[in-house]
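Here's the structure we're looking at; comments come further down.
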Protein chains: 2
Amino acid sequence: MNVATDSPRRQELIRVAARLFMQQGFDRTTVRMLADAMGIKSGSLFHHFADKQEILCAVIEDSTRNALVSARKAVSRADATSRSQLLALARVHLDTLHDDRHAHGVALYEWRRLNDEDREHLTHLRDAYEALWYQVIDEARQAGLVQGDSAIVTRFALGALNWTARWFDPDGPMDTARLADELVDMILIPSP
Amino acid sequence: MNVATDSPRRQELIRVAARLFMQQGFDRTTVRMLADAMGIKSGSLFHHFADKQEILCAVIEDSTRNALVSARKAVSRADATSRSQLLALARVHLDTLHDDRHAHGVALYEWRRLNDEDREHLTHLRDAYEALWYQVIDEARQAGLVQGDSAIVTRFALGALNWTARWFDPDGPMDTARLADELVDMILIPSP
DNA sequence: AGCATAACCAAGCAAGCGCTAGGCCTGTTG
DNA sequence: CAACAGGCCTAGCGCTTGCTTGGTTATGCT
């Protein structure tokens, strides 16, 4: 077992696993399916991961960490106005969500299959992401652009966006930028 | 096998199954766990259901059908104004969601474990529910109380509400009525 | 009494599961 | 050259899974 290394082979496996976990769910994806999809035998998987749980954790951790980095970049690049920052957050959220949609789908749908240890660890990552949103939304509230409680609005916003994973078709007529606009319009009080 | 009847015993099983499916997930809940929780042997389960899949389908169908009935009642009882109707919908949505939270949690989390046949059947039910929301929101838009596309706003609203299943604590300091107020305030343009 | 039916049990089958053990190549390093 | 390590394979162990079969018991109807 070579478990802790970050080899390219391991990265590739995480990508493949994300796809299968999304298509069939974690519990129904067997180690043999994963191995087949990689062109190796099932036993060889455990050269890269200690157990199946670790693969799930790696899939979610990778994608979440990546989303956090992208979101921070987007905020720092955007104009200082609340509307611009919020729009930047919404856009990059939808883009990462539907771009790396297998892995993020896993993070959304298979969260509860994590064991307690991994879940706690990943909760901190997710909290950091949510804190970024809270910060931007609370600034908007202080500027009078948002009514209501910032924490609730933050969670409503993230819920609305994450729910798009269930109905939005990236290959359809609508694009993510349009969705982001609609979300920001819904949250912010219209400036006359 | 007595499969199609609607005996009280079957109803009780559906309730128990909802709890276990929510706590451990569908795939990790074995027929032996279900039987234990009911005080019977695993084989006896198949007197009430053709297979395990049918139990999942029954859990989701029951709760969804119930939610649809409640929502229709709430709309017909509310004042004719858009705000009242939307508020009524949001309140009853959150109440059924957190009241019958095991079953609705299953509908949200375990949707993808349905087989194709069952899923299509239940999609129609869910569409009917969504249509009710669309109707109310589109009327609000025609009255100038909502900006943006009605279909998108509808899905944003339902996403925001369903997401509460992940963070809202019914035993905490906040109540569902407050949440419903916040949602309606977020969706409707503030009346001056 | 005679019968039907619903609800359940005991026992177990065939398949599939995660994971392990030990060994085989191949390329890199001293 | 030898030593090593990363990546993989073969073979299979021990266990759990959903589900089946044939039979038993309790209840109520005629």
Side-chain angles (χ1 to χ4, degrees), chain A residues 1-60 106 110 112-119, chain B residues 1-60 106 110 112-119:
Chain A
M1 297 176 211
N2 190 19
V3 160
T5 66
D6 228 14
S7 67
R9 201 78 179 110
R10 186 180 150 113
Q11 285 302 112
E12 201 180 337
L13 239 162
I14 291 174
R15 240 195 49 248
V16 170
R19 201 187 76 234
L20 292 186
F21 287 167
M22 186 54 189
Q23 283 166 354
Q24 346 231 6
F26 175 71
D27 287 324
R28 292 188 186 177
T29 305
T30 69
V31 293
R32 278 165 248 261
M33 291 179 192
L34 289 170
D36 275 0
M38 281 291 287
I40 59 178
K41 297 292 171 183
S42 70
S44 308
L45 269 182
F46 300 93
H47 176 71
H48 301 278
F49 299 92
D51 51 30
K52 197 187 164 195
Q53 280 289 329
E54 193 180 289
I55 309 181
L56 177 62
C57 184
V59 166
I60 298 182
V106 171
E110 308 294 331
R112 321 192 65 233
R113 274 83 199 172
L114 289 165
N115 60 37
D116 296 341
E117 198 179 351
D118 289 342
R119 182 163 45 233
Chain B
M1 298 174 208
N2 191 18
V3 158
T5 66
D6 229 15
S7 66
R9 201 81 179 107
R10 187 180 150 112
Q11 284 302 112
E12 200 180 338
L13 240 162
I14 291 174
R15 242 194 46 248
V16 169
R19 201 187 76 236
L20 291 186
F21 287 168
M22 187 54 189
Q23 284 165 355
Q24 347 232 0
F26 175 72
D27 287 326
R28 293 190 184 175
T29 304
T30 67
V31 293
R32 279 165 247 263
M33 291 179 193
L34 289 170
D36 275 359
M38 281 291 287
I40 59 178
K41 297 294 170 183
S42 72
S44 308
L45 270 182
F46 299 92
H47 174 73
H48 301 277
F49 299 92
D51 52 30
K52 198 187 164 195
Q53 281 288 330
E54 193 180 289
I55 309 181
L56 176 62
C57 183
V59 166
I60 297 182
V106 172
E110 308 294 331
R112 320 193 67 236
R113 275 80 197 174
L114 288 165
N115 60 38
D116 296 341
E117 197 180 351
D118 289 343
R119 182 163 46 235

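In the text below, chain A, chain B and the rest are named by the order of the sequence lines, each starting its count at 1. Note that these values count all heavy atoms, side chains included, but never hydrogens, waters or copies made by symmetry.
Residue R112(B) places its CZ atom among more than 12 non-hydrogen atoms of other residues, nucleotides or ligands, all under 6.0 Å distant.
The NZ-C1' distance, from K41(B) to dT20(D), rounds to 17 Å in whole Å. dG18(D) atom C1' lies 12 Å from atom CZ of F21(B), rounded to whole Å. Between L45(A) atom CG and dC9(D) atom C1' there is a gap of 13 Å when expressed in whole angstrom units. Atom pair D36(B):CG and dC8(C):P shows a separation of 14 Å (rounding to whole Å applied). With rounding to whole Å, L34(B) atom CG is found 14 Å from dC8(C) atom P. We find that CD of Q53(A) is positioned 14 Å from C1' of dC19(C), with the value rounded to whole Å. For the pair R9(B) CZ and dA6(C) C1', the computed distance is 11 Å after rounding to whole Å. What separates CG of D27(B) from P of dT17(D) is a distance of 12 Å, to the nearest Å.
For dA7(C), the OP1/OP2 oxygens have no side-chain nitrogen or oxygen of S44(B) closer than 4.0 Å. For dA6(C), neither phosphate oxygen OP1 nor OP2 lies less than 4.0 angstrom from any side-chain nitrogen or oxygen of R10(B). The phosphate of dC8(C) has neither OP1 nor OP2 within less than 4.0 Å of any side-chain N or O from H47(B).
Out of dC19(C), dC9(D), dC19(D), the shortest distance to the side chain of I40(A) is found at dC9(D). Residue V31(A) places its side chain closer to dC19(C) than to any other of dC19(C), dC8(D), dC19(D). Minimum atom distance to the side chain of K52(B) is reached by dG18(D), of the listed dC8(D), dC8(C), dG18(D). The side chain of S42(B) has dC19(D) as its nearest neighbour among dA10(C), dC19(D), dT10(D). The nucleotide whose nearest atom lies closest to any side-chain atom of H48(A) is, among dT10(D), dT20(C), dG7(D), dG7(D).
Proximity of F49(B) to I14(B): side-chain heavy atoms (C-beta onward) are separated by under 4.5 Å at one or more points.
Remark: R113(A) engages E110(B) in a salt bridge, criterion side-chain N to carboxylate O under 4.0 Å. In summary, R15(B) and E12(B) do not engage in a salt bridge, as defined by a charged side-chain N under 4.0 Å from a carboxylate O.
No donor-acceptor pair closer than 3.5 Å links the side chain of R32(B) to the backbone N or O of S42(B).
A donor-acceptor contact under 3.5 Å is formed by the side chain of R32(A) with the base of dG18(C).
Heavy atoms of T30(B) sit under 4.0 angstrom from primed sugar atoms or phosphate atoms, though from no base atom.
The residue among R28(A) and G43(A) whose nearest nucleotide of DNA chain C lies closer to the 5′ end is R28(A).
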